[in-house]
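For reference, the structure discussed in these notes is given below.
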Amino acid sequence: EGKENSSEKHSISRDDIVVGRILGEGFFGEVHDGVYKSPSGERIHVAVKTCKECSAEVKEKFLSEADLMKNLDHPHIVSLIGVIGEAPVWIVMELLEHGELGSYLVEEQYTLTTATLTLYCLQICEALTYLEGLNMVHRDIAVRNVLVASPDCVKLGDFGLSRYIDEQEYYKASVSRLPIKWMAPESINFRRFTTASDVWMFGVCVWEMFSLAQQPFFWLENGQVINQLELGVRLPKPQQCPTHVYALLSRCWSYEPNIRPTFSQLVCLLSDLHRMELEQ
Ligand code: ADP
């Protein structure tokens with residue numbers, strides 16, 4: 001009793017939350033919007049993730065994402081507000097008013113400029129540089145996991161597959177529900193996930209942004225992807241993607257993980273490209 005730890009810091013009271021309409025369907029249950037009254041009396045718009053069939057085993061999986069998010073603090077990562085551990089179990093996060101980037105790209109396709117799309121890429125890259133510094137691999141970098149806070153701010157918002165990497169410096173996945181069309185060859189072949197495989201996935205996520213949320217390799221079956229990659233086939237340049245950005249993507253998709261750029265290099269390169277776009 002009285003001991004302060006991070007789980008207590010994030011334990012909040014259900015009485016301080018008013019739950020509203022359904023925003024979407026998550027893997028574990030519905031996600032609602034709501035308002036949270038903080039201890040200082042501030043009213044914060046929140047997203048409340050619920051867990052439908054929350055047996056002890058499911059609850060542990062559901063809360064593992066929140067556990068990881070407790071340790072994160074970055075302007076381009078969705079922040080966790082708190083967890084309610086008793087049934088019905090809730091994860092409470094900051095609300096991103098404009099929802100998923102995938103649908104936003106389609107809705108705003110006639111207003112989004114190349115400079116804005118480059119800015120989104122830069123912001124996600126900054127978030128990933130931060131995760132790299134914490135030895136965390138994300139493993140699921142895709143437009144479906146990016147949320148839109150405002151027209152000039154996006155945040156990485158789903159840590160369901162994220163893991164801290166161990167001494168061997170990679171995470172060996174055991175599950176089979178993996179996003180094959182986003183994955184690096186070594187992840188498909190050996191289920192090997194590293195920061196370098198996150199760089200590959202980031203490249204695919206940038207491709208999705210500039211192709212306004214088309215599915216990568218929609219013309220292939222999952223089972224055909226690795227053969228194509230090993231033959232040297234890569235995603236084509238989306239029409240709206242600047243040549244300089246596509247050149248970076250090609251480097252992110254080097255077969256050999258060691259020669260892919262790092263996230264901090266990509267931040268430098270993308271901020272230069274963003275500046276160039278603004279000057280045009
Ligand atoms: P899961 O990862 O469990 O499948 P998601 O995080 O994808 O669940 O959430 C499901 C849906 O809820 C998303 O597609 C999005 O529309 C909405 N959503 C989730 N988190 C937020 C948030 N912080 N702000 C706004 N909408 C959100």
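Atoms within each ligand, like the ligands themselves, are counted from 1 in listed order. For this chain, numbers begin at 1 and follow the sequence in order.
The shortest N or O to N or O distance between V78 and ligand 1 is not under 3.5 Å.
Side chain of S187 to main chain of R191: no donor-acceptor pair is present (N/O by atom type, distance under 3.5 Å, no hydrogens or angles). Between the side chain of Y130 and the backbone N or O of D73, at least one donor-acceptor pair lies under 3.5 Å.
Counting heavy atoms only, L96 comes closest to atom 24 (N) of ligand 1 of the residues L96, L101, V48. Among E94, E25, K155, the residue whose heavy atom lies nearest to atom 23 (N) of ligand 1 is E94. Distances from atom 15 (C) of ligand 1 to the heavy atoms of E100, R144, E97 show the closest one on E100.
Atoms of ligand 1 found under 4.0 Å from any heavy atom of L95, numbered from 1 in the order shown, are 24 (N), 25 (C). Residue M93 has at least one heavy-atom neighbour below 4.0 Å for each of these atoms of ligand 1: 20 (N), 23 (N). In summary, the atoms of ligand 1 found under 4.0 Å from a heavy atom of V31, numbered by their order in the structure, are 9 (O), 10 (C), 12 (O), 18 (N), 19 (C). Those atoms of ligand 1 with a heavy atom of L147 less than 4.0 angstrom away are 20 (N), 21 (C), 22 (C), 23 (N). Listed by number with element, the atoms of ligand 1 under 4.0 Å from a non-hydrogen atom of G26 are 1 (P), 3 (O), 4 (O), 8 (O), 10 (C). Heavy-atom proximity to A47, at under 4.0 Å, picks out these atoms of ligand 1: 21 (C), 22 (C), 23 (N), 24 (N).
Ring centers of F217 and W219: under 6.0 Å apart, within the cut-off.
The closest approach between a heavy atom of K49 and any atom of ligand 1 is below 4.0 Å.
Salt bridge present: E94 and K155 bring a charged side-chain N and a carboxylate O closer than 4.0 Å. A salt bridge links E25 to K52: at least one charged side-chain nitrogen sits closer than 4.0 Å to a carboxylate oxygen. Note on E53 versus K61: no salt bridge recorded, every NZ/NE/NH1/NH2 to OD/OE distance being 4.0 Å or above.
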Walk me through whether T111 and E108 qualify under side-chain hydrogen bond (donor to acceptor under 3.5 Å, both in side chains). CA-CA 5 Å; T111 52; E108 299 295 323; 2.8 Å; yes

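Taking the centre and axis of the six-membered ring of W90, the NZ or CZ atom of R14 falls inside the cone set by 45° and 6.0 Å.
When heavy-atom distances to ligand 1 are checked against a 4.0 Å cut-off, D33 has no atom that comes that close, whether in backbone or side chain.
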